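Below is one structure; the comments refer to it alone.
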Amino acid sequence: MPGYNKTVQAVERQVEAMGAELLEVGLFKPDAAEGEAVMVPRVWDRDSLARSIPWLRHQNRDGRNIYIRPKGEHHLSLIDDLTKDAIACMKLAGFSPAVVVETSPGNFQAWVKHPEKLNKEMGTAAARALAQRFGGDTGAADWRHFGRLGGFTNRKEKYRDATTGLHPFVRLVEAAGLVYPEAKRFLAEVRQGIDNRHREERERRAVRESRSPSNSAMKSIDVFRADPRYGGDGTRIDLAYAVYAIAHGQTEAEVEAAIRSRDLTHKGTERRQQDYVERTIKKALAATERSR
């Protein structure tokens, strides 16, 4: 069973290099039939994952893409949609990946290993900074994004070989599992950026609070949702509330929490939902700056 053995080796090497004790595995099938789950999630330790490889191979043959990420807060950052040249640049700059996976011909993902566990805010900021620095997909940069698991096929139709009808394998290219040399300096920069953003938010809030009624008079997003002027249009409601809340001193995190208090699954994947929230807040910030 040469194919099975190669999958086992790829999975074991990738999981060992990632270094997480608990793992979330996602089996994604965007064209799932009615009554079938689009995403089938599992939480396993390394041994359970290894025992589940035959089942994962069966699900992969049935059209499901196999993804992986650490469970909970962790010490890794995923950079998606990289070129071979970008991987080389990472190494030259002192950001040698712990894991490199070729997800489709010429397209790579890299897992960077930090020397410490990062909280959600720090993990997202680090992932976005790395994506910006090395030309990765910033839309896929957050603290808990799924990456592909090596040894299985990429089931996206656009990658299927028109001649053979076969899908390309997700190939584990490197699995050094090491912390990158520039970690200490880079994490200090990320922390400083977060501190600066928090300070700016506090300063903006103090200015707005000095010009606005007290927070006790603040309208909640539910008031906007009940306002007949918006006709139940969630997008208009979210933007109107965001403009109002930011103008009254609410932080971006508070506005995001309010917007997310309604079900956003109709926007698509978690990534698409996050993009929607960020676009809304960005528009609201621009609107409030113009009105000053």
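As the structure is a computational prediction, the values presented were derived from the model and not from experiment.
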Under 4.5 Å side-chain linkage, directly or through intermediates, the cluster mates of L239 = V243

remark   = salt bridge (charged side-chain N to carboxylate O under 4.0 Å, His left out) filter on D45, not counting sequence neighbours, yields none

inquiry  = Taking E121 first and then R191, would you say they form a salt bridge - that is, a charged N and a carboxylate O separated by under 4.0 Å?
reply    = no

ILVMFWY cluster membership beyond V173 - transitive side-chain contacts under 4.5 angstrom = I79, L82, I87, M90, F95, V100, F108, V112, L118, M122, L130, F134, Y180, F186, L187, V190, I194

Connected hydrophobic set around V43, excluding itself, where side chains approach under 4.5 Å = L22

ask   = Can a salt bridge be assigned to the pair R260 and E270 using a cut-off of 4.0 Å between side-chain N and carboxylate O?
value = yes

ask   = Who else is in M39's hydrophobic cluster (ILVMFWY, side-chain heavy atoms under 4.5 Å, direct or via others)?
value = F28, V38, Y67, F146

ask   = Mind checking what makes salt bridge (charged side-chain N to carboxylate O under 4.0 Å, His left out) contact with E102, not counting sequence neighbours?
value = R171

task = Using a strict cut-off of less than 4.0 Å between a Lys/Arg side-chain nitrogen and an Asp/Glu carboxylate oxygen, indicate whether E174 and K91 qualify as a salt bridge.
result = yes

request  = Could you tell me whether E36 and K29 make a salt bridge, using a distance below 4.0 angstrom between a side-chain N and a carboxylate O?
outcome  = yes

request  = Could you tell me whether a side-chain N or O of R46 sits under 3.5 Å from a main-chain N or O of A20, the two making a donor and an acceptor?
outcome  = yes

message = Any carboxylate oxygen within less than 4.0 angstrom of a Lys/Arg side-chain nitrogen, looking at R271 and D137?
response = yes

